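As the structure is a prediction and not an experimental result, all values here were calculated from the model. Letters A, B, ... mirror the listed sequences (proteins, then strands); counts begin at 1. These values consider heavy atoms only, across backbone and side chains, with no hydrogens, waters or symmetry-generated copies.
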Amino acid sequence: AQSVTQPDIHITVSEGASLELRCNYSYGATPYLFWYVQSPGQGLQLLLKYFSGDTLVQGIKGFEAEFKRSQSSFNLRKPSVHWSDAAEYFCAVGGANNLFFGTGTRLTVIP
Amino acid sequence: DAGVIQSPRHEVTEMGQEVTLRCKPISGHNSLFWYRQTMMRGLELLIYFNNNVPIDDSGMPEDRFSAKMPNASFSTLKIQPSEPRDSAVYFCASTPVGGMNTGELFFGEGSRLTVL
């Protein structure tokens with residue numbers, strides 16, 4: 001069965017610090033992997049995606065993620081966090097007909 | 001370009017009342033999805049349409065929920081009768097041809113439903 005686990009419910013980082021959000025997935029076939037961001041009161045916006053090829057993918061807003069098949073992980077990273085990055089982040093895995101979302105990680109950025 | 005438009009943004013109703021949520025997908029997108037978001041269960045897919053036809057409604061929680069897509073530019077999600085446990089944010093999302101293979105769902109801003 002497909003599933004996505006985001007073990008960190010809430011993370012707090014200082015502005016300018018580096019960030020890593022964890023994501024582990026379970027999927028029966030080659031996964032398509034995604035990270036979405038949700039700002040308060042808004043819908044979700046795609047940050048980046050992995051389908052195949054280079055396992056390090058670049059996204060919008062300076063985010064990147066690395067696919068590690070051996071660990072079934074797709075962790076999101078950013079070298080220097082900005083206050084505007086405070087939001088909820090969702091990892092998702094999917095195929096042709098659905099996306100399965102994790103429960104999300106809420107990011108708080110402190111000055 | 002206008003994004004996915006949902007209405008109402010907020011709805012407060014009493015238990016037993018009928019609730020209708022509306023969605024206008026992005027023009028040219030041929031797949032439409034309804035998701036429900038709660039603290040307890042996160043984001044759940046309720047139903048999705050392809051070319052106005054319901055493809056998978058296995059996520060619809062029970063018969064009180066129904067969804068229609070009479071044309072390519074409009075969809076409704078109806079709850080009748082509503083119950084307090086239906087309180088959630090309901091998102092509509094659309095994607096163009098083959099969009100699920102690109103993974104980019106375009107989400108509306110959501111309809112926050114509170115059932116008292």
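Clustering of Ile, Leu, Val, Met, Phe, Trp and Tyr by side-chain heavy atoms under 4.5 Å joins L32(B) with M15(B), V19(B), L21(B), W34(B), L46(B), I47(B), F49(B), M60(B), F65(B), M69(B), L77(B), I79(B), Y90(B), L113(B), V115(B).
Both L99(A) and F51(A) are assigned to one and the same hydrophobic cluster, defined by single-linkage of ILVMFWY side chains at heavy-atom distances under 4.5 Å. Linking ILVMFWY residues whenever their side-chain heavy atoms come closer than 4.5 Å, directly or via other members, leaves I9(A) and I11(A) in distinct clusters. In this structure, Y89(A) is not a member of the same hydrophobic cluster as M39(B), with clusters built from ILVMFWY side-chain heavy atoms closer than 4.5 Å.
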Result block: side-chain N/O donor-acceptor pairs under 3.5 angstrom for residues 100-111 of chain A, not counting sequence neighbours:
residue	atom	partner	partner atom	Å
T105(A)	OG1	Q6(A)	NE2	3.4
T105(A)	OG1	D8(A)	O	2.6
R106(A)	NH2	E88(A)	OE1	2.8
T108(A)	OG1	H10(A)	NE2	2.7

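For the pair Y36(A) and L43(B), the minimum side-chain heavy-atom distance is 4.5 Å or more. The shortest side-chain heavy-atom distance between L44(A) and L105(B) does not fall under the 4.5 Å cut-off.
For R41(B), no part lies under 4.5 angstrom from a heavy atom of chain A. Interface remark: Q37(B) contributes side-chain atoms only to the contact with chain A (heavy atom separation under 4.5 Å).
Between Q38(A) atom CD and F91(B) atom CZ the span is 4.5 Å, to the nearest 0.5 Å. L46(A) CG to F106(B) CZ: the interatomic distance, rounded to the nearest 0.5 Å, is 8.0 Å.
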